[in-house]
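These notes are about the structure you will find just below.
Counting starts at 1 for both ligands and their atoms, following the listed order.
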Amino acid sequence: MTAETDRVVLVIEDEPQVVRFLKASLSSHGFRILDAPTGQKGLIEASAHVPDLVLLDLGLPDMDGVDVSRRLREWTSVPIIVLSARGQERDKIEALDAGADDYLTKPFGIGELLARIRVALRHAARAGDGEPVVAVGDLRVDLAAHTVHRGGVEVRLTPIEFRLLAVLARNAGRVVTQRQLLKEVWGPSAIGEAHYLRVYMAQLRHKLEAEPARPRLFVTEPGVGYRLRTE
Ligand code: CA
């Protein structure tokens, strides 16, 4: 039995086909699935059963998925992965800024889904521990000591480069929106300054990627933000 055996995933989704796919694929990996076809029912199920993770469709018949994630965040830090269709870019970003953890764009494969779920559950388990060292491949970020090593060699970063890296490292594996990055690194007044990110992400890649032009660690999520890739 794996540790995932008793994990409960609440699927808030109105498309029966998607629900069937999620039920079949996740239960074969040891998850227990609850499902709700509307936002209202989803909110009720979430408070009644306190799931370990929520998969949330953005296009629900009764309410906006963004509002569902906002309502959940009023009382729970349960990981939320939003399921979005093409053309829901704005909603997706709004949901992430409202506290959702990550997203998947339909159609998605089971491998991708499981990887996202693993990252979200791991992150939830770690939250509050204040784990100071994040290691990804040959990259080692010590958030407490403010040091960065690549392949055992210390890399010097400017304070802003380090702050940017720290936000991505604390969220390793998950997407972080442009808005979240700008707010955390430069402050709320910089939320419109997306070019800061382009400049500083290029600098980070230059210092920390083997091939800066073909980033493997610091990946761009087009139109959404950036992700420090862990798998
Ligand atoms: Ca839908």
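Contacts classified as side-chain hydrogen bond (donor to acceptor under 3.5 Å, both in side chains) and involving residues 96-110 (residues at least two apart or in different chains) are given here: Glu13-Lys106, Glu15-Lys106, Asp57-Lys106, Arg73-Asp101, Asp97-Thr177, Asp101-Arg174, Asp102-Arg227, Tyr103-Glu221. The ring-ring contact (aromatic ring centres under 6.0 Å, His included) analysis of residues 173-213, with sequence neighbours excluded, yields the pairs Trp186-Tyr196, Trp186-Tyr200.
With hydrogens and angles left out, the side-chain atoms of Arg71 and Ser47 include no donor and acceptor closer than 3.5 Å.
Using a 4.0 Å cut-off between a side-chain N of Lys or Arg and a carboxylate O of Asp or Glu, Glu209 and Arg216 do not qualify as a salt bridge.
Within the 4.5 Å cutoff, no side-chain heavy atoms of Leu60 are placed close to those of Thr38.
The number of protein N/O/S atoms found under 3.0 Å from the Ca ion (ligand 1) is 3.
Residues passing the ring pair (Phe, Tyr, Trp, His ring centres under 6.0 Å) test with Phe218, sequence neighbours excluded: none.
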